[in-house]
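Here is the structure we will look at, set down as structure tokens.
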Amino acid sequence: MNRNDKQAYDRGTSLFSPDGRIYQVEYAREAVKRGAPVLGVRTADGVVLAALRSTPSDLMEAESIEKLHKLDDALGAATAGHVADARKLVDFARTTAQREHLRYGEPIGVETLTKTITDNIQESTQSGGTRPYGASLLIGGVENGSGRLFATDPSGTPQEWKAVAIGGHREDVQAALEDGYAEDLSLEDGLALAVEALVAADDEIESDELNLVTVSEAGYEIVDEETIAELFADATADDEADDADETGESEE
């Protein structure tokens with residue numbers, strides 16, 4: 001396929017290329033990869049959501065960058081990609097959750113909410129005059145006493161995970177999650193693993209760039225800065241110890 005043919009197919013979201021691809025969806029995925037990393041960890045007690053909040057300038061207020069969002073009392077989301085697109089999806093999710101409360105008098109299920117969001121996302125891949133959302137969400141919550149964690153894709157596909165990362169440095173963060181994950185993790189263990197995974201992907205981050213929340217039967221709770229600093233100190237100490245061990249082995 002020459003370049004002109006490709007340009008003809010990537011101008012619209014409702015056209016497949018001859019090899020079965022929708023280029024606009026692939027471009028939206030690239031937008032997600034350019035975002036700062038966020039991750040989720042499902043534990044025995046609930047879900048941990050974590051985000052790296054980096055500012056382009058020291059003059060910007062870090063609190064103005066929102067990567068973690070409360071959707072309902074026991075539902076939270078982490079976002080990566082275009083901030084404006086992510087904000088629209090978060091607003092849609094909050095409205096959907098509140099509508100469920102008004103209609104049925106009970107909270108919406110994590111899976112039900114995720115599939116409602118991804119149905120909305122998918123419509124942008126088959127309608128003329130629109131483009132896919134350049135953002136992905138991690139949606140975590142408690143359903144029937146158990147934590148559940150889902151990820152959305154710009155194509156409109158939902159996937160359930162035990163632990164997952166999206167955004168920049170995804171491969172490195174995901175590898176750290178796979179190394180450290182266990183089925184019987186507590187919320188405290190999940191928080192430690194989340195920080196360790198982000199530190200493993202980028203050893204130049206600082207503790208004040210991290211945001212953490214837990215979503216459990218106790219509700220959506222923001223982890224305070226002091227606890228984050230302690231988790232960060234432990235993670236960086238372990239990372240330095242691992243580096244020292246590797247150096248010693250290489251010298252032998």
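Sequential numbering from 1 along the given sequence is applied to the chain's residues.
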Ignoring hydrogens, what is the shortest heavy-atom contact between [X] and [Y]? Give both atom names and the distance.
X: Val32; Y: Pro154; result: CG2-CG, 4.1 Å
X: Ala163; Y: Gln174; result: O-NE2, 3.3 Å
X: Ala235; Y: Val199; result: CB-CG2, 4.1 Å
X: Ala165; Y: Arg170; result: O-NE, 2.9 Å
X: Ala93; Y: Ile117; result: CB-CD1, 3.6 Å
X: Gly156; Y: Thr118; result: O-CB, 3.2 Å

For this session: Begin from the C-alpha positions of Gln126 and Gln122 and carry the test side chain to side chain contact (heavy atoms under 4.5 Å, CB included) through to its verdict.
Result: CA-CA 7 Å; Gln126 64 177 31; Gln122 194 275 336; 3.1 Å; yes
SB check [X] [Y] (cutoff 4.0 Å):
X: Glu30; Y: Lys33; answer: yes
X: Glu111; Y: Lys115; answer: yes
X: Arg42; Y: Glu160; answer: yes
X: Glu209; Y: Arg53; answer: no

For this session: Give the C-alpha distance, both sets of side-chain angles, the deciding distance and a yes or no for side chain to side chain contact (heavy atoms under 4.5 Å, CB included) between Leu191 and Thr214.
Result: CA-CA 8 Å; Leu191 288 169; Thr214 60; 3.9 Å; yes
Should [X] and [Y] be regarded as members of a common hydrophobic cluster, given that ILVMFWY residues are connected when their side-chain heavy atoms come within less than 4.5 Å of each other, either directly or indirectly?
X: Val47; Y: Val213; result: yes
X: Leu137; Y: Val38; result: no
X: Val164; Y: Tyr181; result: no
X: Leu113; Y: Leu89; result: yes
X: Ile222; Y: Leu138; result: yes

Any non-hydrogen side-chain atom of [X] less than 4.5 Å from a side-chain atom of [Y]?
X: Asp202; Y: Ile205; value: yes
X: Tyr104; Y: Arg99; value: no
X: Tyr133; Y: Asn120; value: yes
X: Leu71; Y: Val90; value: yes
X: Phe150; Y: Arg148; value: yes
X: Leu210; Y: Val195; value: yes
X: Glu230; Y: Ser207; value: no
X: Thr79; Y: Ser136; value: no

Atom [atom1] in [X], atom [atom2] in [Y]: separation rounded to 0.5 Å?
X: Thr96; Y: Asp119; atom1: OG1; atom2: CG; answer: 10.5 Å
X: Asp208; Y: Phe232; atom1: CG; atom2: CZ; answer: 8.5 Å
X: Ile22; Y: Phe16; atom1: CD1; atom2: CZ; answer: 4.0 Å
X: Asp91; Y: Thr95; atom1: CG; atom2: OG1; answer: 6.5 Å
X: His169; Y: Leu39; atom1: NE2; atom2: CG; answer: 13.0 Å
X: Asp73; Y: His101; atom1: CG; atom2: NE2; answer: 6.0 Å

Given 3.5 Å as the limit, does a donor-acceptor pair link the side chain of [X] with the main chain of [Y], or not?
X: Glu143; Y: Val110; value: yes
X: Asp72; Y: Leu75; value: no
X: Asp85; Y: Gly134; value: yes
X: Thr116; Y: Thr112; value: yes

Exercise. Looking only at side chains, do Thr43 and Asp45 share a donor and an acceptor under 3.5 Å apart?
Worked result: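 Side chains of Thr43 and Asp45: no pair found under 3.5 Å.
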Exercise. Do other residues, nucleotides or ligands put more than 12 heavy atoms under 6.0 Å from Asn144 CG?
Worked result: no
Exercise. Near Lys70 NZ, under 6.0 Å, is it more than 12 heavy atoms from other residues, nucleotides or ligands?
Worked result: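 Yes - once you tally the heavy atoms of other residues, nucleotides and ligands closer than 6.0 Å, there are more than 12.
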Exercise. Pick one: which of Leu231, Asp224, Leu49 meets side chain to side chain contact (heavy atoms under 4.5 Å, CB included) with Leu212?
Worked result: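 Exactly one candidate clears the test, Leu231.
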Exercise. Can Arg34 and His82 be said to form a side chain to side chain contact (heavy atoms under 4.5 Å, CB included), step by step?
Worked result: CA-CA 9 Å; Arg34 292 176 179 270; His82 280 299; over 6 Å; no
For this session: Report the C-alpha separation of Lys67 and Ile65 in whole Å, then their side-chain angles, then the decisive distance to 0.1 Å, and conclude whether the side chain to side chain contact (heavy atoms under 4.5 Å, CB included) test is met.
Result: CA-CA 7 Å; Lys67 302 283 290 181; Ile65 301 176; 4.3 Å; yes
